[in-house]
Amino acid sequence: MHVMLAWFAESPLPESARRLRRARAQRALADVVPPAYRRHEFGAEDWGLTVRHPVDPGAYRWPTVAAEGPVTAVSLGLPVGLDVTGGPAALAGRLLAGEDVHREVVPPFGLLALDPARFSLQQDWLGMCRVFAGEADGIRAFCTRLGPLAAFLHGSARPDLDGWASYTLCGHFGGDRAPLVGTRLLRPGERVTGRRRAGGGWTVTGELRYAVDDVVMSGFAGQGRPLDEQLDRAAAALTMTASSVHRLYGDEVTLGLSGGKDSRLIAASLVAAGRTPRLVTNDDLRAEGEVARQLVQILRDRRGLDPEHRLVLGSAPANVLTIGLRERARRLQRLHDHQFPSTYLPRPAVRPTLPEQVRAASFTGAAGELAVGFWYPAADAQSDLPPEQVGMAKLLSAVPTAAVAAEVVTAERDRIAALFAHARGVGLRDLHLIDYLYLVERVRRWYTSAYTTGMVTPFLTPGFVAATFGLTPAQKRGRLLHTELIARLVPEWAGIPFVSAATGRSTATRVWEGDGAEVIADLLDTAHGPLTGLMRRPVVEQTLRTAVRGGRPDARILQQFTWLAVASERLEPATTRRSTGATYARITAPPQPRRPTNDSFSRLRWIRRTSLGDRLWVTVRARVRRR
């Protein structure tokens, strides 16, 4: 992983002011950056740049920081899909010259290019690269991490409740929102440029360049074109991604092979290109492992290939519960600035700091949902609901809305309605509106590939994304792109049924297992800041009681509340109360037996068990009331 903090001031700053801000940022970085990381420092009295990254790049051939002559390039990710002739400095020079160097990139990727008198910072077309911006006291700052950015600009980190409202309902921070006040994510295709004035200080401007709407509409405009043309476009995009990665990485990549359609298509594209990846399968769901074994055996029997294939129990209780729930949550939030999905809480704990060694490159099948109408209503559903209503219900599903404060639900619905209005304004219609929402919200902000250098998402190649918007809803529902391309690339796999998420029961850990129930109960006692006020506490307690008593609770409620409450401990420490154990005592207490009553009428209620007795009962009760 890399860390970058860049700042540009309207006028030169005194040394004392620069030293104070740097010290605040360094304290925030110390929480997550190992001391062994390599450090690059550039700057003057009106600007500064700090970059930290592991010393050993492993098999990667693309450096994070590169300088050639007066040009310095800082790459935030891998430029998969781009023309990298001449290396990082040449790419940076093209950006400084005004070129849209990001048009064909596979997100996430950002690039900072600078020379002594100017700079350009380019976000990818989807806005997926985690580059955050903020402004204070005439200083514009940009950072890949939120804590150091807030510390540098403001001296403290306070929660942005609008951003957390999105997280509560969607499972991610919506749009450009961020967890901390005074920060935001750079927009899709956003370019920030600066020029240094002769007397010192910078003039900084921003604009939107080639972005997600351009990619989407380039495909949607091709509606009705021959299917083979769409398939050719998608296949070429996948092939390009594979060849691009191998130019940037000097080893075989790893692919998570499940029994589903997305990873199978990516594996097929690699096999057809003669690049057999290392394969890993999560065996927590038995059907996944069985189908993956079958696919690998077919390669061995019919193609003479012998790919490395590991099966792992990624979220087995024995791998998860050695570290308690609260600590697992704290580590995830510290490592990823609170942004990771809370669905990762029942998984093994992450390391406390950023990795000292760069992880191997890998492919992920994420974003294949765009080609299958993942959020579409069933084809046989007799529903007249507009796409906006269907998509909104899908996005606002991190927790049941009954578990969230009403005003939070209203505000988030208004935000999403504006997204749909924008999509219609650029020309989208019908169920493609749902795909647009999935792309600009779920893919951009929820996908974990945004946080790991070398985790490549081939389905986000612009050509592939455009091809999915060129398909009809019926073609997507029929999984036409997946089935046709797999049949082209590795026809031996075409007849093997796909595994769905609903196939069989998973053996993965539940969030309330181990010390989970006790921790969540304690958080209900202690966390009382505005963040936890986004959810309805009685609903959380009732859900936890159901879990403790062996019922089937909605895990989403407990995961989201845990995430909000642990964040509150760090961001709202003054609102944390003393631990009492009261909630845990209530939810674990045995049910109270029904109390006997001395009421005469109650003892005679057995008479009503017959029709004659019931009529007598009604008659007597009426006479008593008349008296």
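Since the model is a prediction, treat every value here as computed from it, not as a measurement.
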Quiz item: Is the distance between the ring centroids of Tyr210 and Trp125 under 6.0 Å?
Solution: no

Quiz item: Does atom CZ of Arg359 have more than 12 heavy-atom neighbours, drawn from other residues, nucleotides or ligands, at distances under 6.0 Å?
Solution: yes

Quiz prompt | side chain to side chain donor-acceptor pair (under 3.5 Å) partners of Asp115, counting only residues at least two apart | solution = Arg118

Sequence neighbours excluded and cut-off under 3.5 Å, please list the side-chain donor-acceptor pairs for residues 491-499, or say none.
| from | atom 1 | to | atom 2 | distance (Å) |
| --- | --- | --- | --- | --- |
| Glu492 | OE1 | Arg303 | NH2 | 3.2 |
| Glu492 | OE2 | Arg303 | NE | 2.9 |
| Trp493 | NE1 | Leu295 | O | 3.1 |

Practice problem: Check whether any side-chain N or O of Arg310 sits under 3.5 Å from a backbone N or O of Glu308 as a donor-acceptor pair, and report yes or no. | Solution: no

Quiz item: Is it the case that Lys394 places NZ or CZ above or below the six-membered ring of Phe374, under 6.0 angstrom from the centre and within 45 degrees of the axis?
Solution: no

Quiz prompt | Set of residues satisfying ring pair (Phe, Tyr, Trp, His ring centres under 6.0 Å) with respect to Tyr451, sequence neighbours excluded | solution = His336, Phe340

Quiz item: Which pairs with one or both residues in residues 74-92 pass salt bridge (charged side-chain N to carboxylate O under 4.0 Å, His left out), sequence neighbours excluded?
Solution: none

Distance-only criterion, 3.5 Å: show the donor-acceptor pairs between side-chain atoms of residues 227-234 and protein atoms not counting sequence neighbours.
| from | atom 1 | to | atom 2 | distance (Å) |
| --- | --- | --- | --- | --- |
| Glu229 | OE1 | Arg225 | NE | 3.4 |
| Glu229 | OE1 | Arg225 | NH2 | 3.4 |
| Glu229 | OE2 | Arg225 | NE | 2.4 |
| Glu229 | OE2 | Arg225 | NH2 | 3.3 |
| Gln230 | NE2 | Gly222 | O | 3.4 |
| Gln230 | NE2 | Gly470 | O | 3.4 |
| Asp232 | OD1 | Arg488 | NH1 | 2.9 |
| Asp232 | OD1 | Arg488 | NH2 | 3.2 |

Quiz item: Where does the angle between the aromatic ring planes of His422 and Tyr436 fall among parallel (under 30°), tilted (30 to 60°) and perpendicular (over 60°)?
Solution: tilted

Quiz item: Parallel, tilted or perpendicular: which describes the rings of Phe220 and His432, with under 30° parallel and over 60° perpendicular?
Solution: perpendicular

Practice problem: Kindly give the heavy-atom pair with the smallest separation between Asp31 and Thr353, and that separation in Å. | Solution: O-CG2, 3.9 Å

Quiz prompt | Ring centroid separation His338 to Trp164 under 6.0 Å | solution = yes

Quiz item: Who passes side-chain contact (heavy atoms from CB on, under 4.5 Å) against Thr281, sequence neighbours left out?
Solution: Leu257, Ala292, His309, Leu311

